[in-house]
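Keep in mind that this is a model prediction, so the values were computed, not measured.
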Amino acid sequence: MVASLLALFFGCPSNPVDDCTEPFQVFTDADQDGWGVSGSGTLVCIQPQLTSTRAGDCDDARFDVSPDGVEECDGLDNDCSGEADEDLFVNTFYLDEDGDTYGDPASPVEACAPGPGVVANDVDCDDTNALTFPGAGEFCDDQDNNCNGLVDDDDPFLDPETTPDWYRDIDQDGAGDPNSTPVYSCADLSPQAAPEPDDCDDGDPTRHPGVGEFCDGIDNDCDGLHDESDPDLDPAEMITFYADVDNDGHGDPAVTTQACTQPWFYVLIADDCDDTEPLLGLPAPWLLDADADGYGAGPPSGNSCTPPTPSHVLLAYGVDCDDTDEDVFPTADEVCNDIDDNCDDLIDDADPLLDLNTATDWYLDADGDSFGLLTDFVTVCEAPAGRVVDRDDCNDGNPNIHPDATEICNGSDDDCDASIDDEDDSLDESTQLTWYADLDGDGAGDESSELLACSQPDFYAAVAGDCDDTDPDLGAPTTWLNDTDSDGYGAGAPPVPGLSCLPTSPGTVPASAGIDCAPSDPDRYPGALETCGDDVDQDCDSDDLPCLSCLEQLETNPGSPSGLYTLTPDGVTPFDVWCDMTTDGGGWTLVSSSTSPVDDAAVLYSNTLKSVTPGTTMAGVWDGMRDLIPGNSDVRFACKTNFVDLNMKVDLTFYNVPWYDEFTTGLDSASCFSEGEGAGADTPIPSRRNNLTSVTLLEGDVYAGGFLEGEDTCGDVSDFTVDFDDRGNGGNPSDGTDWGESGGTKKCGNSGQGGAFFVFVRE
């Protein structure tokens, strides 16, 4: 065999030792660990593969088993010493018969390493149950499932999913309260608790699943149904009721129903004579109905459930007041016919039950013209005094105006057809007036061109006799007056007495044009442009035009210089003010100033104006800030360092922004502000303009050359809307009008230096 194996290795049939001088022995080494199998040796000249010259391998299938092997704890003879695991450290292991990886402390096993069915721990408390071991879930079975020495409810690790749920059972009827919090317990907690939360009243031991259902309006067996709606109800519990279709309180003995409580249209009494007639419950009296209107009269019959004859009706229906008239009976409609139709002893309008559809609408005729007013009517049978059937009057305060009247020239719609005078085709033309063409508008017409009309047409006059209908200054023949100043209007006695269409002498004008109030002044004549506040009657109307503001003075008299002017606002006694006619287009009215010596210093412009005095040295600052300037659109502030300065140092103008409208409201909450050193503290800095530099800044923009200082608080409604008493010198508002400060520099100076402060408005 060895020769065959060697031949296989070397690919030759044989290896005879006779061919070599020194043959040697080799042993089979299949696992090539350098050790051959004892007893497998053979002599060879050349060593084949898978052989070794050493013998002694005890397991030629394992490379790690040989005389050179290292003994390991694996149950094998690794070093071929003839003994497995010799000289290795031995441990104690334990059997795990139930395969739960936990060992039985009663079954130790000595070995250098655990084997199948052996584990290193001995903590299993029941090695016959694979569900019992340390860390297992504890559940209700009277066993210590997790080997911690505690069983069921005594174990805090009890799994609540494996325990019964117990619900509070206060009435101890065996049914738990579904509104209670469940308790988890292996032990039986009854009667204080129940395993099912099916009690519908845990305060009543007579109500729980399984009891009988009774007629008491209660769900006794807790199935959500009660009384006759519950099929579990004992039929003996129900009551018999009798149909009462006519609702007279008496039931029909032939129609019954069973129920716990009385149903609609059923009663307990079964004695109805006729359940279709509500007035016939018990036997009743009857009356003869001669006119067959359903109501009888005469003496009643004896009580019975049926009529004595077909012509009898129940007395309970009512008694007919006229049994010969089928239209008269107690429930008939009362109509306008002078008859008591419904037998209530009231007739027509006296009966509140009157059918108004049979009555008439009567309209107020206050002016007695037989025509009433549509909007004022009453509906009754008989006509009330002062009312008529016709409702077409268009003016019930004038008896001459009504639909039958004749339309005449009077400016009224006489015949109520919505057309007046000349617009009405039915106008009585005899009432029209004759008008004459007046093309030149001088009030005299051309008698050769006339027109009939109620009212004066355009370019027509009421009188004829125009001398020349192309000349507005020459109407009817007139007297002629001398025109000394050649302004087109004359005065004085006529040089030639009498009326004439032509001038009676050179330099005369018609007196009809008007009388000149200033014969020697060509700028004064009827119709001339009036200038306000100059004490001159330019238009000859015997009155001078009053000026309401400096702006109006400037507009009516362009070029007026700055200075004192008399203003006459409506309802205010005339007073003098200073008008600035040059700054920013002019027309500024000075309404307040400081105590510096200016023309109007500390002057009250009107005793009707409001006056507020924030400081004793600023008596005139507030004079006239409200009533004088309602609805003002512009407010301008200016000041001077001292009174010898020719120019204003700061000149800020506020243009059309909502702040101006609030300026004169007197409401602090509407527009008070704290300016905050030019930055705007509470509200944005108002829009303003420097009139010296023509620089305009929008709302919120800081103006480095000066700024307004708002009042300290906004809560006092008695204060004026905006205070002009800034912080003053060192924050003292009483030391002068130091208005407008920048970096500590006073723009208006102190009062002792002649500083002046001004407020202008322009309406």
- Message: Any side-chain to backbone donor/acceptor pair from D165 onto P182? Under 3.5 Å, distance only.
- Response: no
Practice prompt. Establish, from distance only, whether the side-chain atoms of W35 and D68 form a donor-acceptor pair under 3.5 Å.
Written response: yes
Between the SG atom in C125 and the CG atom in D144, the distance rounded to the nearest 0.5 Å is 5.0 Å
Output yes when a side-chain donor or acceptor of S38 lies under 3.5 Å from a complementary backbone atom of G56, and no otherwise. yes
inquiry  = Assess the residue pair D104 and D96 against the criterion (side chain to side chain contact (heavy atoms under 4.5 Å, CB included)); give the C-alpha distance rounded to whole Å, side-chain angles, the decisive distance to 0.1 Å, and a yes or no.
reply    = CA-CA 6 Å; D104 183 358; D96 177 22; over 6 Å; no
Check: For R168, does its backbone N or O pair with a side-chain atom of S180 as donor and acceptor, under 3.5 Å?
Finding: yes
Check whether S107 reaches the backbone of L95 with its side chain - one donor and one acceptor, N or O, closer than 3.5 Å. no
(Q) So does D293 get a backbone contact from the side chain of E326, meaning a donor-acceptor N/O pair under 3.5 Å? (A) no
*asked:* Any heavy-atom pair between the side chains of D252 and T256 that's under 4.5 Å?
replied: no
Q. D79 side chain to P67 main-chain N or O, any donor-acceptor pair under 3.5 Å?
A. no
* Should D171 and D199 count as side-chain neighbours, where that means a heavy-atom distance under 4.5 Å? -> yes
(Q) I'd like to check F27 versus V37 (side-chain heavy atoms, cut-off strictly below 4.5 Å). Are they in contact? (A) no
In short, S52 meets G36 closest at the heavy-atom pair CB-N, 3.7 Å
Only residue of D124, T132, D126 satisfying side-chain hydrogen bond (donor to acceptor under 3.5 Å, both in side chains) with T128 is D126
Paired with D221, the side-chain contact (heavy atoms from CB on, under 4.5 Å) test is passed by just one of D230, D198, L233, namely D230
- Item | Residue pair H250 / D271, side-chain donor-acceptor N/O under 3.5 Å | yes
| task | Report yes or no: do D289 and S311 form a side-chain donor-acceptor pair below 3.5 Å? | result | no
Hydrogens and angles aside, do N146 and D155 bring a side-chain donor and acceptor to less than 3.5 Å of each other? yes
Side chain of Q172, backbone of P191: donor and acceptor closer than 3.5 Å? no
*Is there a donor-acceptor pair closer than 3.5 Å between any side-chain N or O of D77 and the backbone N or O of G82?*
yes
message: Using side-chain heavy atoms (C-beta onward) and a distance below 4.5 Å, is R207 in contact with D219?
response: yes
Inset, instruction - Check whether any side-chain heavy atom of T163 sits under 4.5 Å from a side-chain heavy atom of C186, and report yes or no. - result: yes
Answer yes or no: is there a donor N or O on one side and an acceptor on the other, between the side chain of D246 and the main chain of E277, under 3.5 Å?
yes
inquiry  = Quick one, C80 with D57, criterion side chain to side chain contact (heavy atoms under 4.5 Å, CB included). Give me CA distance, side-chain angles, the key distance, then yes/no.
reply    = CA-CA 7 Å; C80 296; D57 197 345; 4.1 Å; yes
- Item | Backbone N/O of C260 and side chain of D227: donor-acceptor pair under 3.5 Å | no
- Taking side chain as C-beta onward, heavy atoms only, is D152 less than 4.5 Å from D141? yes
Partner of D60 under side-chain contact (heavy atoms from CB on, under 4.5 Å), picked from V65, T28, L50, is T28
>> Does the plane of the ring in Y317 sit parallel, tilted or perpendicular to the ring in Y295? Use 30° and 60° as the thresholds.
In response: perpendicular
query: Does a side-chain heavy-atom distance below 4.5 Å link D341 with F329?
result: no
Does the ring center of Y266 lie less than 6.0 Å from the ring center of F241?
no
Does either side chain, that of D153 or that of S185, offer a donor lying less than 3.5 Å from an acceptor on the other one?
yes
Side chain to side chain contact (heavy atoms under 4.5 Å, CB included) assessment of N78 paired with V70:
CA-CA 6 Å; N78 304 96; V70 178; over 6 Å; no
Just wondering, do F93 and P108 contact through their side chains at under 4.5 Å, heavy atoms?
no
